[in-house]
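Read through the structure below, which is laid out as structure tokens, and then see the notes.
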Amino acid sequence: RNHFRLKVSRSEFPSHTDAVLTFRNRNAVTMAEGDGDRLRKYCGGCHCGAIKYEVLAPTELELVECNCSICLKKQNHHFIVPAKQFTLLQGENELTTYTFNTHRALHRFCRVCGVQSFYRPRSNPDGVGVMPHC
């Protein structure tokens, strides 16, 4: 009942078929209607529990497999939502930010456990990239 499907788009291999995965998130809690699309409220956070958030996202998530230098090293798979659909519930003071190159992407992570559960993408500065496994 808390399963959802993920479609992974591999931007660096456009000729490859996108993968569709079934993912279980024990924190997917409710359904909501928004803008004519079915949205689901997901709750997530970092490993130590200092950072907690809620996000409204489609029931079927399309993940981006980013191919920039830092995302390749972190194996960053994420989905992007408009910033208004993301709410940081706790931990603003526990977040630290890493930037590089253009300094437009804000790679935010917990300063206690080091987990990055969301970030502000350079390609979509009005959105939030959320890691579904968090």
Ignoring hydrogens, what is the shortest heavy-atom contact between [X] and [Y]? Give both atom names and the distance.
| X | Y | result |
| --- | --- | --- |
| C43 | E54 | SG-CG, 3.9 Å |
| L39 | P58 | CD2-N, 3.7 Å |
| P121 | G129 | CD-N, 3.7 Å |
| Q116 | N76 | NE2-ND2, 4.0 Å |
| C134 | V115 | SG-CG1, 4.0 Å |
| A57 | F79 | CB-CE1, 3.6 Å |

Sequence neighbours left out, what pairs pass salt bridge (charged side-chain N to carboxylate O under 4.0 Å, His left out) with at least one residue falling in residues 106-122? E92-R108, E94-R111

Return the [atom1] to [atom2] distance between [X] and [Y], rounded to the nearest 0.5 Å.
| X | Y | atom1 | atom2 | result |
| --- | --- | --- | --- | --- |
| I70 | L72 | CD1 | CG | 10.5 Å |
| S117 | M131 | OG | CE | 7.5 Å |
| N124 | I80 | CG | CD1 | 5.0 Å |
| K41 | T87 | NZ | OG1 | 9.0 Å |

May I ask whether [X] and [Y] are part of the same hydrophobic cluster, defined by side-chain heavy atoms of I, L, V, M, F, W, Y residues being less than 4.5 angstrom apart, directly or through others?
| X | Y | result |
| --- | --- | --- |
| I51 | V55 | yes |
| Y119 | V64 | no |
| L106 | V128 | no |
| Y42 | V81 | yes |

Taking A105's backbone N and O only, do any of them form a donor-acceptor pair with H107's side chain (distance below 3.5 Å, no angle check)? no

Heavy-atom distance under 4.5 Å between the side chains of P132 and L63, does that happen here? yes

Are R104 and P125 packed together at the side-chain level, in the sense that at least one heavy-atom pair is separated by less than 4.5 angstrom? yes

Ring center gap for H78 and F118 short of 6.0 angstrom: no

Run the ring-centre check on F109 versus Y98 and record whether the distance is less than 6.0 Å. no

Within a 6.0 Å radius of atom NZ on K52, are there more than 12 heavy atoms belonging to other residues, nucleotides or ligands? no

I'd like to check the side chain to side chain donor-acceptor pair (under 3.5 Å) partners of S123; sequence neighbours left out, ordered by chain and number. none

